[in-house]
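Just so we're clear, the structure is a prediction, and the values are computed from it rather than from any experiment. Throughout, residue positions are numbered sequentially from 1 according to the sequence presented.
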Amino acid sequence: MKNTQNLYVALAGLVLATLTFSGIALAQTPATAPAKEETKAEKLVPQSVLKELEGYLARPAGDTREEMIANFIIQGKEGLKRAKQIETEYADAENIEAVRMIMLQIYTIFGQIDNIPYKNQYAKEAIDIATKIVNSKASVKSKIVADQILTRQKIKKNKLSADKEIRDYVARYETTPQAGMAYVYAVMLANDNEMGDLANTLADEMEKKFPKDILIQNFLKQYMGRGAFYGKEFTANLTKLDGSKLVLPKDLKGKVVVIDFWAQWCGPCRASMPHLKEIYAKYKSKGVEIVGINLDEKREDCIDYVKTAGLDWIITFEGKGEADPSANKYGIFQLPSVWVIGKDGKVFSTNAQADLEGTIKRALNATVK
C-alpha cells in the first residue's frame with residue numbers, strides 16, 4: 001500500500017476544484033492555442049509569449065505548503081502584470097482567449113488563498129475577465145469555465161436563485177460537445193453552496209447521460225467518491241480496542257460515519273490525524289462519528305499510537321494487517337483510505353480524503369430516502 005500525495009497536490013487543495021482536478025477541467029481548457037502562422041489579415045499572440053505566460057502557472061518553489069503559497073502569490077502577481085500588458089498589446093488577436101484563460105486561472109487560485117492582499121480587487125478583475133471571455137468569440141471550452149465563475153457570482157449575490165442558476169448553466173451547454181463538463185462544474189457549484197441533494201441529482205444524471213465518458217466517470221469516482229460501492233450498504237463486523245463488537249451499519253445508523261482505513265506505520269496516515277481530530281471536534285456533536293479501521297499486525301503498536309496521538313474516536317483492530325477482512329472486502333490497496341457513510345448506512349463516498357469536510361457537509365444535508 002502506498003500514498004502518492006505531494007506538496008503540490010497539497011497546494012492544489014486550496015484551489016477551486018476546477019484547477020485541482022487537472023485530469024478533467026484544465027486538460028479540456030488548454031491555455032495555449034494551437035500553433036498557427038500569422039498572416040497580414042490577423043494578429044496573433046506569439047506561441048513563445050503564451051509559453052512565457054504559462055510559466056507563471058508552474059509549480060511554485062518551496063518545501064512547505066506555506067512557502068509554496070507565498071511563492072505562488074509572487075509569481076502570480078508577476079504573471080497578471082505581464083498578461084495585462086500582452087492583452088493590451090494584442091487586444092484584437094484571434095487567440096487572445098489563451099491569455100485571458102491564463103489570467104483567469106491565476107485569479108481563481110488567488111481566490112482560494114486566505115488573507116491574500118487585495119483579494120476583493122482580484123475577485124472583481126476575475127469577473128471582468130470572465131465576462132470578456134463569455135462575450136467574445138472564445139471557444140466553448142473557454143466559455144464554459146468563465147461562465148461558471150459568473151454563475152458563482154450570481155449565486156453569491158442571491159442565494160435563493162442558486163438552484164435555477166445552476167440548472168440554467170447546464171442548459172446553456174446541453175447541446176454542445178461540452179455538455180458533460182457543464183455537469184461537472186454544476187456539481188461543483190452545488191457542492192460549494194452546500195446543496196447536497198442537487199449535487200447528487202446532477203451526478204445521477206451525469207452517470208446516465210455519459211456512461212462511456214471516461215473523464216466523467218473518473219470525476220464521479222474521484223471527486224464525488226462514487227466508486228463501485230457507492231450507494232450500497234456498508235457492512236462490517238468489527239472489534240473495538242476494548243474487545244467489544246461494532247456492527248455496521250446497525251450500531252451507528254442515523255449518524256454520518258467517517259471510515260478511516262489506517263495503520264500506525266503509514267506516514268501519510270499519521271500526517272492526516274491532526275485534520276481528523278479537528279473534523280471530529282467540529283462535527284461529533286452534529287451527528288458525525290469516526291471509525292478508524294486499523295491495519296497493524298500488532299495490537300500494542302495500535303494502542304500505543306492511539307494513546308500518544310490522543311485519538312478519541314472509535315478504533316477497531318482485527319490483528320490481520322493488510323489481510324484485514326473489511327479492507328479486503330472493500331478493495332483497499334492504499335492508506336489512508338477515507339470513506340463516508342450516509343445516515344442511511346449506505347456508502348456516500350469512497351474517496352473523501354481530498355475534501356473530507358465538504359463531503360461530511362453534503363452527507364449531513366442529504367435527504368435520506
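By the side-chain hydrogen bond (donor to acceptor under 3.5 Å, both in side chains) test, Lys282 is found to be paired with Glu357, residues two or more places apart in sequence or in another chain being considered. Evaluation of the side-chain contact (heavy atoms from CB on, under 4.5 Å) rule for Ala146 yields Leu104, Ala130, Ile133, Val134 as partners, not counting sequence neighbours. Every side-chain contact (heavy atoms from CB on, under 4.5 Å) that Arg167 has, sequence neighbours left out, goes to Asp163, Leu198, Thr201, Leu202, Glu205. Annotation: side-chain hydrogen bond (donor to acceptor under 3.5 Å, both in side chains) contacts of Gln121 (sequence neighbours excluded): Glu125.
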- Message: Between Arg172 and Asp168, does the salt bridge (Lys or Arg N to Asp or Glu O under 4.0 Å) criterion hold? Intermediate values first, please.
- Response: CA-CA 6 Å; Arg172 284 197 288 276; Asp168 286 350; 5.3 Å; no

I'd like to know whether Lys240 forms a salt bridge (Lys or Arg N to Asp or Glu O under 4.0 Å) with Asp251, so could you lay out the CA-CA distance, the side-chain angles of the two residues, the decisive distance to 0.1 Å, and finally the verdict. CA-CA 13 Å; Lys240 300 179 186 179; Asp251 291 347; over 6 Å; no

TODO: Test salt bridge (Lys or Arg N to Asp or Glu O under 4.0 Å) on Asp147 and Lys143 and set out the steps.
DONE: CA-CA 6 Å; Asp147 196 358; Lys143 286 188 176 184; over 6 Å; no

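A donor-acceptor pair under 3.5 Å links the side-chain atoms of Asn95 to the main chain of Val45, judged by distance alone.
The pair Asp128-Lys132 fails the salt-bridge criterion, with no side-chain N (NZ, NE, NH1 or NH2) lying under 4.0 Å from an Asp/Glu carboxylate O.
The hydrophobic cluster containing Val256 also includes Leu241, Val258, Trp262, Met273, Leu276, Ile279, Tyr280, Tyr283, Val288, Ile290, Ile303, Tyr305, Val306, Leu311, Trp313, Ile315, Phe317, Val338, Val340, Phe348, Leu356, Ile360, Leu364, under a criterion of side-chain heavy atoms closer than 4.5 Å among ILVMFWY residues, counted directly or through chains of members.
The aromatic rings of Tyr183 and Phe210 lie perpendicular to each other, with more than 60° between the two planes, well past the 30° mark.
For the pair Ile127 and Tyr107, the minimum side-chain heavy-atom distance is 4.5 Å or more. Counting only heavy atoms from C-beta outward, the side chains of Leu252 and Val291 approach each other to under 4.5 Å.
Taking a 6.0 Å sphere around NZ of Lys119, one finds it holds more than 12 heavy atoms contributed by other residues, nucleotides or ligands. Counting heavy atoms of neighbouring residues, nucleotides and ligands inside a 6.0 Å radius, atom CG of Asn115 does not exceed 12 of them.
Residue Ile259 is not grouped with residue Tyr230 when hydrophobic side chains (ILVMFWY) are merged at heavy-atom distances under 4.5 angstrom, including chains of intermediate members.
Under the ring pair (Phe, Tyr, Trp, His ring centres under 6.0 Å) criterion, the residue pairs touching residues 144-177 are Tyr169-Tyr173, with sequence neighbours excluded.
In terms of heavy-atom proximity, Thr235 sits nearest to Pro249 at CG2-CD, 4.1 Å.
Ring pair Tyr118/Phe110: centre-to-centre distance not below 6.0 Å.
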